[in-house]
2 protein chains.
Amino acid sequence: MGDERDIIERCSATVVHEDTVEQVKEKMPEDECLFDLAELFKVFGDTTRVKILFALFTAEMCVCDLTALLGLTQSAVSHQLRVLKQARLIKYRKQGKMVYYSLDDEHVKRIFDQGLAHIRH
Amino acid sequence: MGDERDIIERCSATVVHEDTVEQVKEKMPEDECLFDLAELFKVFGDTTRVKILFALFTAEMCVCDLTALLGLTQSAVSHQLRVLKQARLIKYRKQGKMVYYSLDDEHVKRIFDQGLAHIRH
DNA sequence: ATAAAGCATGATCATATGCTCATATGTTTA
DNA sequence: TAAACATATGAGCATATGATCATGCTTTAT
């Protein structure tokens, strides 16, 4: 308990602009919201998944087509599709032994467009 | 060389929709572009960095204020600010021994807004 | 000049991540 | 029913990542 108080005192002692910190704190979204947002962007933070999403911008595709497109193992593709599915970014339909994946979100394209806009200076 | 040919043959043999794959390939951005995009989102894929950016939406802040706000080590904050700086998302100005950080991109807010829109179903 | 304060950086470590291999599941065809 | 094909999943491994600790750098104050 003594340690905790020391830390708190040390922290508040080094805050230069208490008013700014307070103001910012009030405008910050909930911790859970910030966490979920980071989790979403984490999904976009991998080249393979970005490629899959871009591919699905153009067309619905089955796993073996995606595998050929990406030049990876079928297993690797399947694992990544699982991640995208869990993030509710893609949906699928089964037709015989094939599974066709497609986009399930209208925001992804806009997010990517804004991201590309940042990249080009 | 024999191995490589085998792989290529095996791949093309499992492509069900060659036309779709070709069409998608043509519409895909450059590999470097896709890589850069993933790198950008990787920066957004961490709660600490998301918090820092949200904080800077509201106000310019110095490192010690951010440290107090986040409840982390000053070192940790400094390391993350470096990442954000390298991604050209924030800029800084020195004033005496203090360093003030602020946003350096108009796209971040839009990207975050779209991300939040996805999260809320 | 020396001490103190604010920030940056290198080293280290524990955890997370993404791929491959092996195998399981499910569907179609012979 | 057995074999072949498309996909999913678990285990294992190598690398990446984010936090802390220790320390260095720069500016201000005494």
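Reminder, nothing fancy here: chain letters follow the sequence lines and each chain counts from 1.
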> Base, sugar-phosphate, or nothing: which does A:Tyr92 touch, judged by heavy atoms less than 4.0 Å apart?
Replying inline: nothing
>> If you count every heavy atom of other residues, nucleotides or ligands that lies below 6.0 Å from B:Lys94 atom NZ, does the total exceed 12?
In response: no
> Closer to the 5' end of DNA chain C via nearest nucleotide, is it A:Glu39 or B:Lys85?
Replying inline: B:Lys85
>> Using a 6.0 Å cut-off, check whether atom CD of B:Glu106 has over 12 heavy atoms from anything other than its own residue.
In response: yes
> CG of A:Leu72 versus P of D:dA6: gap in Å, rounded?
Replying inline: 18 Å
> How many Å lie between CE on A:Met98 and P on D:dT7, as a whole number?
Replying inline: 5 Å
> Can you check whether B:Arg82 has a side-chain N or O nearer than 4.0 Å to OP1 or OP2 of C:dC7?
Replying inline: no
>> By nearest atom, which of the nucleotides C:dT20, D:dT20, D:dA8 is closest to the A:Val63 side chain?
In response: D:dA8
> Between D:dA19 atom C1' and B:Leu81 atom CG, what is the distance in whole Å?
Replying inline: 14 Å
> Separation of B:Gln86 atom CD from C:dA8 atom P, in whole Å?
Replying inline: 12 Å
>> Is there a side-chain contact between A:Thr47 and B:Asp31 in this structure, where contact means two heavy atoms from C-beta onward sitting under 4.5 Å apart?
In response: no
>> What is the distance, to the nearest angstrom, from the CD atom on A:Gln95 to the P atom on D:dT7?
In response: 11 Å
> How is A:Lys94 classified with respect to the nucleic acid when contacts are heavy atoms under 4.0 Å: base, sugar-phosphate, or nothing?
Replying inline: nothing
> Considering only C:dA8, D:dG18, C:dG6, which nucleotide approaches the side chain of B:Lys97 most closely?
Replying inline: C:dG6
> Are side-chain heavy atoms of A:Val21 and B:Met61 found at a separation under 4.5 Å?
Replying inline: yes
>> Nearest to the side chain of B:Ala76, heavy atoms from C-beta on, is which of D:dA8, D:dT20, C:dT27?
In response: D:dT20
> Checking all strands, does B:Tyr100 fall into the base, sugar-phosphate, or nothing category for heavy-atom contacts under 4.0 angstrom?
Replying inline: nothing
> D:dT9 base to A:Ser75 side chain: any donor-acceptor pair below 3.5 Å?
Replying inline: yes
> Does a distance-only test, which skips hydrogens and angles, find a donor-acceptor pair under 3.5 Å between the side chain of A:Gln74 and the base of D:dA8?
Replying inline: yes
> Going by ring centres under 5.5 Å and near-parallel planes (under 30°), is A:His79 stacked on D:dT9?
Replying inline: yes
> Considering only C:dT20, C:dT9, C:dG6, which nucleotide approaches the side chain of B:Ser78 most closely?
Replying inline: C:dT9
> Distance check: side-chain N/O of A:Tyr101 vs OP1/OP2 of D:dA6, anything under 4.0 Å?
Replying inline: no
> Please give, in whole Å, the distance from C:dT17 P to A:Phe41 CZ?
Replying inline: 16 Å
> Taking the six-membered ring for Trp, are the ring centroids of A:Phe44 and B:Phe44 within less than 6.0 Å of each other?
Replying inline: no
>> Nearest whole Å is fine: how far is C:dA16 P from A:Phe35 CZ?
In response: 10 Å
> Honestly, is A:Lys109 close enough over A:Phe57, meaning NZ or CZ under 6.0 Å from the six-membered ring centre and within 45° of the axis?
Replying inline: yes
> A:Gln80 CD to C:dT20 P: how many Å, rounded?
Replying inline: 10 Å
> Within the structure, does a side-chain N or O atom of A:Thr73 lie under 4.0 Å from either OP1 or OP2 of C:dT20?
Replying inline: yes
